[in-house]
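To start, the structure under review is shown below, and the notes come after it.
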Protein chains: 2
Amino acid sequence: MLSSFAVLSSSDVDRIRGWFRGPALAHPPGGPIPLHPERKDARVVARGWVARGAMLEDGRRQIVGLSLPGDVILATDSVDADMAVWALTDASTLDATLLWDAISEGADFSPRLLEAWRQFRSAERLRLARHVIRLGRLSAYERTAHLLLELYERQSRLGAVEPGVLHLPLTQDMLADILGLSAVHMNRTLQQLRRAGLVDYRTGRAILPDLSGLALAAGLSIADALADARNFGD
Amino acid sequence: MLSSFAVLSSSDVDRIRGWFRGPALAHPPGGPIPLHPERKDARVVARGWVARGAMLEDGRRQIVGLSLPGDVILATDSVDADMAVWALTDASTLDATLLWDAISEGADFSPRLLEAWRQFRSAERLRLARHVIRLGRLSAYERTAHLLLELYERQSRLGAVEPGVLHLPLTQDMLADILGLSAVHMNRTLQQLRRAGLVDYRTGRAILPDLSGLALAAGLSIADALADARNFGD
DNA sequence: CGCTCAATTGAGGAGTATCAATGATTGTGG
DNA sequence: CCACAATCATTGATACTCCTCAATTGAGCG
């Protein structure tokens with residue numbers, strides 16, 4: 001959500017709202033989010049979780065990133081033939097082409113708004129980089145801990161959540177498709193984390209009773225673990 | 001290189017040059033590229049290959065992306081504690097903070113220049129997404145083919161190269177750190193590709209005698225293979 | 001000619017995938 | 001209210017990909 005990246009005036013917030021046009025489209029789980037690259041389409045997630053990623057011909061699936069309510073998805077970010085955007089849960093989206101137009105033209109944009117947009121994009125880019133590191137060099141156990149921490153931090157930033165409670169409306173299948181694992185191994189890894197007292201997973205939510213233990217399990221340096229712990233308090 | 005993304009007037013090109021300030025810094029292989037996030041630093045690669053990535057405490061290394069001559073690196077892209085930027089080959093860079101400033105303020109920018117910058121950033125983002133897919137769902141064999149094709153396509157876009165010849169100043173160690181493999185397995189995978197008649201690797205360069213075969217090995221759909229083959233002719 | 005660095009090879013093991021089956025839960029129509 | 005289907009989670013067994021360790025070869029290079 002843009003407003004989480006900069007202090008925006010209420011007129012800024014109004015302006016943002018003005019860029020989102022109905023009608024809201026409803027997307028069932030698994031349903032595609034229509035985005036036409038040639039038209040420089042953009043949509044904002046109003047409700048539910050949305051995946052950006054690829055579906056290979058042989059059935060392999062890889063989720064590249066998640067878009068949560070308030071996040072804007074640009075068509076140009078998924079230009080590739082085998083790249084797609086689809087709903088993971090029941091979701092709805094609004095047209096945000098006007099926002100993208102406004103940014104393209106640079107006009108009609110308060111400095112703060114521009115800064116918020118840049119930070120949103122920058123945060124997405126950083127998450128992509130972290131995702132690469134997870135998939136390239138972390139074990140299944142580390143990957144899972146790392147992802148859960150990232151999601152928890154992301155939700156904390158958006159608003160107050162119960163400490164240690166992560167809203168996680170994803171099946172183990174979906175988690176596997178994020179982390180590049182088989183569903184079976186995803187399941188076993190979650191069990192390992194549960195036995196270690198770090199994660200209690202159920203469809204819909206996960207409880208993280210020991211954040212610093214989880215950070216340790218994620219293979220992060222101690223410095224990072226502390227920094228993360230600090231962020232969680234935000 | 002920005003000029004590869006849009007038709008720019010010579011005055012545009014001059015303006016770009018004006019944003020790059022000496023002195024050029026020389027970086028030995030492995031040497032860090034200094035970027036200070038708090039100062040909104042930016043540098044442009046003048047010579048050599050540069051890696052963006054992470055070096056974990058236990059020695060594991062993951063390269064998230066490559067920056068080639070002409071590419072601009074923003075400090076804000078590597079804000080993370082465990083994220084770093086370093087030279088892979090002998091390299092040199094120039095300060096590009098002025099470019100970043102100009103973009104931030106939006107002023108002094110011709111529409112074409114802005115478009116070129118956006119496309120550069122968009123291409124980087126797309127490569128990141130592809131990298132995630134490679135690491136998450138492709139086998140070592142597929143990954144390697146996929147990466148070599150991407151590098152070949154990237155170089156073709158920059159300028160005429162001998163057909164089928166890829167300039168590749170990376171050791172197998174470095175390739176392994178890009179693809180999330182051990183150096184030993186990297187070696188064996190390259191041998192597999194050689195035996196299949198798809199890649200002839202030597203330090204400094206690789207020969208790709210059969211691009212469509214390579215595309216097939218990369219696990220791409222036929223449609224993609226054809227599209228890629230077309231692009232190579234650019 | 002001995003360095004050093006990169007590439008290569010072999011052997012054994014850890015991590016993860018695949019296949020197949022079984023529970024558990026939830027929603028649905030009879 | 002029950003039978004049924006559908007989805008998700010779980011388990012066991014086995015195979016394979018890839019890693020690790022250790023050693024060797026080959027290629028510059030002072």
Side-chain angles (χ1 to χ4, degrees), chain A residues 28-31 49 56 58-62 87-90 134-147 168-196 199-207 217-219, chain B residues 28-31 49 56 58-62 87-90 134-147 168-196 199-207 217-219:
Chain A
W49 287 34
L56 280 66
D58 56 2
R60 286 181 288 185
R61 227 191 304 274
Q62 177 62 49
L88 291 174
T89 68
D90 255 310
R134 262 197 299 259
L135 295 171
R137 287 302 183 202
L138 299 194
S139 69
Y141 189 79
E142 292 169 321
R143 270 183 230 183
T144 308
H146 197 270
L147 174 70
L168 187 66
L170 304 178
T171 65
Q172 296 185 8
D173 259 296
M174 295 169 187
L175 285 173
D177 284 336
I178 296 173
L179 294 175
L181 301 170
S182 71
V184 172
H185 201 63
M186 186 73 256
N187 179 283
R188 291 186 167 128
T189 303
L190 285 169
Q191 291 180 48
Q192 263 188 282
L193 284 162
R194 181 177 315 148
R195 268 181 260 119
V199 176
D200 178 35
Y201 168 87
R202 265 194 269 172
T203 317
R205 76 134 196 274
I207 296 180
Chain B
W49 287 33
L56 280 64
D58 56 3
R60 286 181 288 185
R61 226 191 303 274
Q62 178 62 48
L88 292 173
T89 69
D90 255 311
R134 262 196 300 259
L135 294 171
R137 286 302 183 202
L138 300 193
S139 69
Y141 189 78
E142 292 168 321
R143 269 183 232 184
T144 307
H146 196 270
L147 175 70
L168 188 66
L170 304 178
T171 65
Q172 296 185 7
D173 258 298
M174 296 169 187
L175 285 173
D177 284 336
I178 296 172
L179 294 175
L181 301 170
S182 71
V184 172
H185 201 63
M186 185 74 257
N187 179 280
R188 292 188 165 126
T189 304
L190 286 170
Q191 290 180 48
Q192 263 188 281
L193 284 163
R194 182 176 316 149
R195 266 181 260 120
V199 176
D200 178 35
Y201 167 87
R202 265 194 268 171
T203 316
R205 75 135 196 275
I207 296 179

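Every heavy atom of this structure was used, including side-chain atoms; hydrogens, water molecules and symmetry mates were not. The sequence lines fix the lettering, A, B, ..., with proteins before strands; numbering per chain opens at 1. Because the structure is predicted, anything quoted here is derived from the model rather than measured.
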Could you tell me which non-hydrogen atom of [X] sits nearest to which non-hydrogen atom of [Y], and how far apart they are?
X	Y	value
A:Ala140	A:Thr189	O-CG2, 3.6 Å
B:Leu138	B:Ala218	CD1-O, 3.7 Å
B:Ala206	B:Leu168	CB-CD2, 4.1 Å

Whole-Å distance separating the [atom1] atom of [X] from the [atom2] atom of [N]:
X	N	atom1	atom2	value
A:Arg194	D:dT11	CZ	C1'	13 Å
B:Asp58	D:dC19	CG	C1'	14 Å
A:Gln172	D:dA9	CD	C1'	6 Å
A:Asp173	D:dA6	CG	P	17 Å

Who pairs with A:Arg134 by side chain to side chain donor-acceptor pair (under 3.5 Å), at least two apart in sequence or on another chain?
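Residues passing side chain to side chain donor-acceptor pair (under 3.5 Å) with A:Arg134: A:His131, A:His146, A:Glu150.
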
Going by side chain to side chain donor-acceptor pair (under 3.5 Å), name the residues that satisfy it together with B:Arg60, two or more places apart in sequence or in a different chain.
A:Glu142, B:Asp58

Would you check if B:Leu135 and B:Gln62 make a side-chain contact, meaning some heavy-atom pair closer than 4.5 Å?
yes

Non-hydrogen side-chain atoms of A:Asp90 and A:Pro29 separated by less than 4.5 Å
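They are in side-chain contact.
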
If you measure from CZ on A:Arg205 to CG on A:Asp200, what distance do you get to the nearest 0.5 Å?
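Result: 6.5 Å between the selected atoms.
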
CG of A:Leu190 to OH of A:Tyr141: how many Å apart, nearest 0.5 Å?
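Going from CG on A:Leu190 over to OH on A:Tyr141, the span is 11.0 Å.
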
Using a heavy-atom cut-off of under 4.0 Å over every strand shown, decide if A:Arg137 touches base, sugar-phosphate, or nothing.
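Touches nothing.
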
Touch class at under 4.0 angstrom, heavy-atom based, for B:Tyr201 against every strand present:
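Sugar-phosphate, backbone atoms only, no base.
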
Restricting to nitrogen or oxygen on both sides, can you table the protein-nucleotides 26-30 of chain D pairs closer than 3.5 Å?
none

Would you grab the first and last nucleotide of DNA chain C (5' to 3') that comes under 4.0 Å of any non-hydrogen atom in chain A?
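Endpoints of the contacted stretch of DNA chain C: C:dT16 to C:dC19.
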
End-to-end bend of the helix from C:dC1-D:dG30 to C:dG30-D:dC1 (five-pair axes, 10° rounding)?
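Inter-axis angle at the termini of the helix from C:dC1-D:dG30 to C:dG30-D:dC1: 30°.
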
Within residues 174-190 of chain A, the residues having a heavy atom closer than 4.0 Å to DNA chain D are A:Val184, A:Asn187, A:Arg188

Can you list everything that forms a side-chain contact (heavy atoms from CB on, under 4.5 Å) with A:Arg195? Sequence neighbours excluded, please.
A:Gln191, A:Gln192

What side-chain donor-acceptor pairs closer than 3.5 Å can you find for residues 169-184 of chain A, not counting sequence neighbours?
unit_1: A:Thr171; atom_1: OG1; unit_2: A:Asp173; atom_2: N; d: 3.4
unit_1: A:Thr171; atom_1: OG1; unit_2: A:Met174; atom_2: N; d: 3.3
unit_1: A:Gln172; atom_1: OE1; unit_2: A:Asn187; atom_2: ND2; d: 2.9
unit_1: A:Asp177; atom_1: OD1; unit_2: B:Arg137; atom_2: NH2; d: 2.9
unit_1: A:Asp177; atom_1: OD2; unit_2: A:Arg61; atom_2: NE; d: 3.2
unit_1: A:Ser182; atom_1: OG; unit_2: A:His185; atom_2: N; d: 3.1

